[in-house]
Novice: 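Below are the structure tokens for one structure; questions will follow.
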Amino acid sequence: MPVDTIPYSLPQREPSWQIERGRDLLAEMRTRRSCRFFSDRPVGRDVLELALEVAHAAPSGANRKPWRFVVVDDPALKKEIRVAAEAEERESYDHRMPQEWLDALEPIGTNWEKPFLEVAPYLVVIFRIDWEDFGEKRIKNYYPAESAGLASGFFLTACHMLGLATLTHTPSPMNFLREILQRPPGEKPYLLIPVGYPADDCTVPDLKKKPLAEALQWNCEAG
Ligand code: IYR
């Protein structure tokens, strides 16, 4: 079947413009850090929704947008999520995570306690939609994990550019989120992202970042 098409172009940019813009963007994105100490200062719903619109503009498998963003700002629900997440995390830190994993996390200083789940004004839970039932018919999505990852990346970038702090939190296992938030079985919790402002006395670990040179290869030239 012929596909309906529309013209597509991008503004023509000079290399000098691209370098300047790229450097500005790099400087700005390098200041993004995972925040674990939030202020309870509110964030407007309109601001959050703009960041979610950016996330929703991400590319996706077969253009299905196989994700759902559940925003939690109800204090009772946030508390319920914190209690359930901490129960899983306590079990993980005490019994499930091997010593090698605990050692990898030591420089980050995390533990089972997750007070930010109640303090941050919003918890955005991103679900990947593996399949959806429409009456008798089950529709399967394609690349739901990759798609949800792309939407998450767009969302984190948008939040940062709007001056909002985020954390990519993955309490494990995460199925309690599907139950608490009453999502159907085809929807799998993918990431829990607290959104807000850093607390006045917020700190982050003084981490060394792997240089790009260690992550980049041109053609077949292995280092
Ligand atoms: N989900 C746990 C453990 C954890 C795992 C990784 I990989 C991190 O980069 C950070 C934490 C927690 O949130 O504490």
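If you're wondering where the values come from, they're calculated on a predicted model, not measured in any experiment.
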Novice: For residues R64 and I139, determine if any side-chain heavy atom of one lies less than 4.5 Å from a side-chain heavy atom of the other.
Specialist: yes

Novice: Can you tell me how far the CG atom of L156 sits from the OG1 atom of T166, to the nearest 0.5 Å?
Specialist: 4.5 Å

Novice: Taking only residues two or more places apart in sequence or in another chain, which ones pass side-chain hydrogen bond (donor to acceptor under 3.5 Å, both in side chains) with R33?
Specialist: none

Novice: Taking CG in D94 as the centre, count heavy atoms belonging to other residues, nucleotides or ligands within less than 6.0 Å. Is the count above 12?
Specialist: yes

Novice: For a quick test of reading the model, state the closest non-hydrogen atom pair linking P66 to Y142 and the distance between them.
Specialist: CG-O, 4.3 Å

Novice: State, to 0.1 Å, how close A51 and C159 come at their nearest heavy-atom pair, and which atoms those are.
Specialist: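 Smallest interatomic distance, heavy atoms only, reads CB-SG, 4.0 Å.
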
Novice: How many angstroms lie between atom CG of L50 and atom CD of E53, to the nearest 0.5 angstrom?
Specialist: 7.0 Å

Novice: How long is the span from the CD1 atom in I81 to the CG atom in D74, to the nearest 0.5 Å?
Specialist: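 Nearest 0.5 Å value for the CD1-CG distance: 9.5 Å.
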
Novice: State yes or no: do L52 and I193 share one hydrophobic cluster built from I, L, V, M, F, W and Y residues joined by side-chain heavy-atom distances below 4.5 Å, directly or via other members?
Specialist: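 Yes, one cluster joins them.
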
Novice: Any heavy-atom pair between the side chains of L26 and R30 that's under 4.5 Å?
Specialist: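 Of all side-chain heavy-atom pairs linking L26 with R30, at least one is under 4.5 Å.
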
Novice: Tell me whether the count of non-hydrogen atoms from other residues, nucleotides or ligands lying under 6.0 Å of CD in E20 goes above 12.
Specialist: no

Novice: Identify the heavy atoms of P121 and S39 that sit nearest to each other, and give their distance.
Specialist: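 Minimum heavy-atom separation between P121 and S39: CD-O, 3.7 Å.
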
Novice: Taking the side chain as everything from C-beta on, heavy atoms only, tell me whether R36 gets closer than 4.5 Å to I108.
Specialist: yes

Novice: What about F69 and V72, same hydrophobic cluster or not, with Ile/Leu/Val/Met/Phe/Trp/Tyr joined at side-chain heavy-atom distances under 4.5 Å?
Specialist: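 Per the 4.5 Å side-chain linkage, F69 and V72 are not co-clustered.
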
Novice: Determine whether more than 12 heavy atoms belonging to other residues, nucleotides or ligands lie under 6.0 Å from atom CD of E100.
Specialist: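 Atom CD in E100 is not crowded, with 12 or fewer foreign heavy atoms closer than 6.0 Å.
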
Novice: Search all heavy atoms of P189 against all heavy atoms of M174 and return the closest pair with its distance.
Specialist: CG-O, 3.2 Å

Novice: How far apart are the C-alpha atoms of L102 and E106, what are their side-chain angles, what is the distance that settles it, and do they pass the side chain to side chain contact (heavy atoms under 4.5 Å, CB included) test?
Specialist: CA-CA 6 Å; L102 295 171; E106 208 193 289; over 6 Å; no

Novice: Would you confirm whether N219, through its side chain, and E221, through its main-chain N or O, come within 3.5 Å as a donor-acceptor pair?
Specialist: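 Checking the backbone N and O of E221 against the side chain of N219, no donor-acceptor pair under 3.5 Å is found.
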
Novice: So does F37 have more than 12 non-hydrogen atoms from other groups sitting under 6.0 Å from CZ?
Specialist: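 Atom CZ in F37 is not packed in, count stays at 12 or less.
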
Novice: Out of curiosity, does F155 fall in the hydrophobic cluster containing Y190 (side-chain heavy atoms, cut-off under 4.5 Å, transitive links)?
Specialist: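 The answer is yes; both residues are in one hydrophobic cluster.
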
Novice: Do any N or O atoms from the side chain of H160 and from the backbone of E28 form a donor-acceptor pair under 3.5 angstrom?
Specialist: yes

Novice: Does Y197 belong to the same Ile/Leu/Val/Met/Phe/Trp/Tyr cluster as L48, with side-chain heavy atoms less than 4.5 Å apart forming each link?
Specialist: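 Same cluster: Y197 reaches L48 through Ile, Leu, Val, Met, Phe, Trp or Tyr contacts under 4.5 Å.
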
Novice: Quick check on the hydrophobic clustering: are L77 and L192 connected, directly or via other members, by side-chain heavy-atom contacts under 4.5 Å?
Specialist: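 Yes, one cluster joins them.
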
Novice: Between the side chain of R96 and the main-chain N/O of E88, is any donor-acceptor distance below 3.5 Å?
Specialist: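 The answer is yes, because a donor-acceptor pair under 3.5 Å joins these two groups.
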
Novice: If you measure from OG1 on T168 to CG on L191, what distance do you get to the nearest 0.5 Å?
Specialist: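 These two atoms lie 6.0 Å from each other.
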
Novice: Check the surroundings of atom CD in Q18: do more than 12 heavy atoms from other residues, nucleotides or ligands lie under 6.0 Å from it?
Specialist: yes

Novice: Within this structure, what is the CD-CG distance for the pair E118 and L123, rounded to the nearest 0.5 Å?
Specialist: 9.5 Å

Novice: Of the non-hydrogen atoms in F38 and A165, which two are nearest, and what is the gap between them?
Specialist: CE2-O, 3.5 Å

Novice: List the residues meeting side-chain hydrogen bond (donor to acceptor under 3.5 Å, both in side chains) with D73, not counting sequence neighbours, and say none if there are none.
Specialist: R45

Novice: Within a radius of less than 6.0 Å around CZ of R21, do more than 12 heavy atoms belonging to other residues, nucleotides or ligands occur?
Specialist: no

Novice: Does CZ in R13 sit with more than 12 non-hydrogen atoms of other residues, nucleotides or ligands closer than 6.0 Å?
Specialist: yes

Novice: So, taking the atom named CG in L105 and the one named CE in M97, what distance separates them when rounded to the nearest 0.5 Å?
Specialist: 4.5 Å

Novice: Do F154 and P59 come within less than 4.5 Å of each other through their side chains, counting heavy atoms only?
Specialist: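 Yes - at least one pair of side-chain heavy atoms lies under 4.5 Å apart.
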
Novice: I'd like to know if the side chain of K78 reaches the main chain of F116, judged simply by a donor and an acceptor atom lying under 3.5 Å from each other, with no hydrogens or angles considered.
Specialist: no

Novice: Do W101 and S92 have side chains that get closer than 4.5 Å, going by heavy atoms?
Specialist: no

Novice: Would you kindly say whether S34 and H169 are connected by a side-chain donor-acceptor distance under 3.5 Å?
Specialist: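 S34 vs H169: no donor-acceptor pair found between side chains.
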
Novice: Could you go through the side chain to side chain contact (heavy atoms under 4.5 Å, CB included) check for L216 and W218 one step at a time?
Specialist: CA-CA 7 Å; L216 173 67; W218 282 88; 3.7 Å; yes

Novice: Would you say that P198 contacts C35 through its side chain, given a criterion of any heavy-atom pair below 4.5 Å between the two side chains?
Specialist: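 Side-chain contact under 4.5 Å: yes.
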
Novice: Side chains of V124 and I126: does their closest heavy-atom pair fall under 4.5 Å?
Specialist: yes

Novice: Search all heavy atoms of Y93 against all heavy atoms of K114 and return the closest pair with its distance.
Specialist: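 That would be OH-NZ, 4.1 Å.
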
Novice: Counting C-beta onward and ignoring hydrogens, is there a side-chain heavy-atom pair between M29 and M161 closer than 4.5 Å?
Specialist: yes

Novice: For residues 127-136, which residue pairs qualify under salt bridge (charged side-chain N to carboxylate O under 4.0 Å, His left out), counting only residues two or more places apart or in two chains?
Specialist: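 Every pair satisfying salt bridge (charged side-chain N to carboxylate O under 4.0 Å, His left out) with a residue in residues 127-136: R128-D130, D130-K188, D133-R138.
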
